[in-house]
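Chain A is the first sequence line, chain B the second, and so forth, proteins listed ahead of strands; every chain is numbered from 1.
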Amino acid sequence: MIQTALREIKRGTAEIIDEARLETLLKNWFEKKETYTVKAGFDPTAPDLHLGHTVLLQKLAIFQKFGGHIQFLIGDFTAQIGDPTGKSETRKKLLPSQVLENAQSYKNQVFKILDPEKTTVVFNSEWINPLGAAGMLELTSTYNVARMLERDDFDKRHKAGISISISEFLYPLLQGYDSVHLKSDIEIGGTDQKFNLLMGRHLQRVYEIGKEQSVLMMPILEGLDGVQKMSKSLGNYIAVADEPNEMFGKILSISDTLMWRYYELLSSNSLDEIEALKAGVENGSLHPKKVKEALALEITARFHSEDAALGAQAEFERVHAQSEIPSEMDEFSAEAPIWIAKALVDCLLSPSTSQARREIKQGSVKIDQNKLSDEQYQLEAGEYILQVGKRKFARLKVTQ
RNA sequence: GGUGAGAUACUCAAGUGGCCAACGAGGGCAGACUGUAAAUCUGCUGAUUUUUAUCUUCGAAGGUUCGAAUCCUUCUCUCACCA
């Protein structure tokens, strides 16, 4: 039993630190029904959860199956600093009301995956604010600059001559302190969080809370471009809240190489099944597109429903394979006569009329399926279907 | 505190008085080819119905000049070395 649980927990992980302790915790659960806590921190700056987050969430859900109680931490205090991981710019300070709003939105999305009964949502400002200057000073004295600079991105920035603000040094310390306060048994995070996660162990030792958390790291999910990590700011993400059609389409647009990565990290297929698919594609018995479709179906169904996913697939087939127009699209209205470039902007298909003109010139604009080349074209009264590129559509009603 | 170097569009990075909305690369968008894949090739990538034009933009504010990303002054920020 323990072995099965352990295998499931270890699936897809990049690295586990102190696996022995993890085993002990599981053993205690199976033998004495003792629960343990699993901490995962999230940044409240982006309320839009994407598939990258769900890699962690799914892992948390597995822990819940085996006695784990989740400490879902919203880093409202640390968000004021901004996690230095991979970034150089300082983030904007969020208003408390925004943090609450984002947290609420997190909850709506997170409990599609997590069991709310076994989850506690906590905010780290709750215990960091009372720390005060004295507590903060004590915290900073537990670490030194040389070791702080060992951290890969600090090191790189330091060498490259990019500024590092002192407050950024506090980020790992505070994240580690969260583990002290919460007395977490396990913390999970992405591999890029390694330094911060280890800080939790360090501080738990320093503050003598009588345990050191195990650390479980998940690989970072690449975004749609297949190169950079999935993130909202890079715009290469698939949001949990994306509409079925959009979600399905986005998954299908990833590259074949990236597809295997997504299979590994997101799909619930066993590793053996994935291997079989891979072999099938290699020897030509399976078409890669079919395999990708299966993945898109699975994921879309997870966040919506089986029916919605099938609907999205059918729609996709209609629009792209047979290049018909989608069954649903945003509708707009305007008064005749309206210049086509203006209409495209009004329908949110183009960001500016200049851009719209360029798009017309390039031949990517279609009206009712017909390519438009005249950028001076005026729309008279009637109903039109405007299209820019392959995937942007809008219905426009022009009235006299 | 002192000395020196630097800040250019989404990112990197050229440009040191007019030929600059600003070379180039990456990214992004679009077209061709495809499986809305990848790779490849091509075009576009500040705004505006004056489109061989006009307006705004090269850290900020002033100034010199017919004309400034480019020169001068002050300021803000960053880095390096010294203390």
Handout entry: Side-chain N or O of A/Ser354 closer than 4.0 Å to phosphate OP1/OP2 of B/U48
Key = yes
Practice task
Taking only the side-chain nitrogens and oxygens of A/Thr257, find out if one of them lies under 4.0 Å from OP1 or OP2 of B/A38.
Solution key: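 The answer is no; no side-chain N or O of A/Thr257 sits under 4.0 Å from OP1 or OP2.
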Exercise for the section: Name the residue closer to the 5' end of RNA chain B, choosing between A/Glu375 and A/Val388 according to the nucleotide with the nearest heavy atom. Expected result: A/Val388
Exercise for the section: Hey, which sits more toward the 5' end of RNA chain B by its nearest nucleotide, A/Ser364 or A/Pro351? Expected result: A/Ser364
To the nearest angstrom, how far is [X] atom [atom1] from [N] atom [atom2]?
X: A/Leu295; N: B/G35; atom1: CG; atom2: C1'; answer: 15 Å
X: A/Lys289; N: B/U34; atom1: NZ; atom2: P; answer: 14 Å
X: A/Leu224; N: B/C29; atom1: CG; atom2: C1'; answer: 15 Å
X: A/Asp374; N: B/U49; atom1: CG; atom2: C1'; answer: 12 Å
X: A/Lys361; N: B/A30; atom1: NZ; atom2: P; answer: 17 Å
X: A/Ile251; N: B/A38; atom1: CD1; atom2: C1'; answer: 18 Å

Could you measure between the two [atom1] atoms, the one in [N] and the one in [M], and give it in whole Å?
N: B/A60; M: B/C77; atom1: P; result: 15 Å
N: B/G46; M: B/U8; atom1: C1'; result: 14 Å
N: B/U70; M: B/A7; atom1: C1'; result: 14 Å
N: B/A37; M: B/G31; atom1: P; result: 11 Å
N: B/U45; M: B/A21; atom1: C1'; result: 12 Å
N: B/U65; M: B/C10; atom1: P; result: 33 Å
N: B/A80; M: B/A30; atom1: C1'; result: 45 Å
N: B/A22; M: B/A14; atom1: C1'; result: 10 Å

Problem - Base B/G27 paired with A/Asp225 side chain (donor-acceptor, <3.5 Å) - result: no
Problem - Under-3.5 Å donor-acceptor pair between A/Gln362 side chain and B/G31 base - result: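 Such a pair does not exist between side chain and base.
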Problem - Passing candidate, side-chain contact (heavy atoms from CB on, under 4.5 Å) with A/Phe303, options A/Leu49, A/Leu51, A/Ile238, A/Asp242 - result: A/Leu51
Under 4.0 Å between any heavy atoms, over every strand shown, what does [X] touch: base, sugar-phosphate, or nothing? Just pick one.
X: A/Arg358; value: sugar-phosphate
X: A/Glu317; value: nothing
X: A/Ser352; value: sugar-phosphate
X: A/Leu258; value: nothing
X: A/Lys292; value: base
X: A/Gln376; value: base

Does [N] pair with anything, Watson-Crick or G-U wobble, both distances under 3.5 Å, and if so, with which nucleotide?
N: B/U3; result: B/A80
N: B/U65; result: none
N: B/U56; result: none
N: B/U50; result: none
N: B/U11; result: B/A25
N: B/C33; result: none
N: B/G17; result: none

Fill in the blank from the handout: In terms of heavy-atom contacts, A/Ala356 and A/Leu344 come closest through CB-CD1, 4.0 Å
Problem - Test: A/Lys27 cationic atom under 6.0 Å from A/Trp29 six-membered ring centre, within 45° of axis - result: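 No - A/Lys27 does not lie over the ring of A/Trp29 by the 6.0 Å and 45° rule.
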Problem - Pairing of A/Lys10 and A/Glu19 as salt bridge, 4.0 angstrom limit - result: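 So A/Lys10 pairs with A/Glu19 through a salt bridge.
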Any side-chain donor paired with an acceptor under 3.5 Å for [X] and [Y]?
X: A/Gln64; Y: A/Thr119; answer: yes
X: A/Glu380; Y: A/Gln400; answer: no
X: A/Gln175; Y: A/Asp178; answer: no
X: A/Gln71; Y: A/Ser184; answer: yes

Exercise for the section: From the options B/A38, B/G31, B/U49, select the nucleotide whose nearest atom is closest to the side chain of A/Lys390. Expected result: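 The answer is B/G31, which lies nearest to the side chain.
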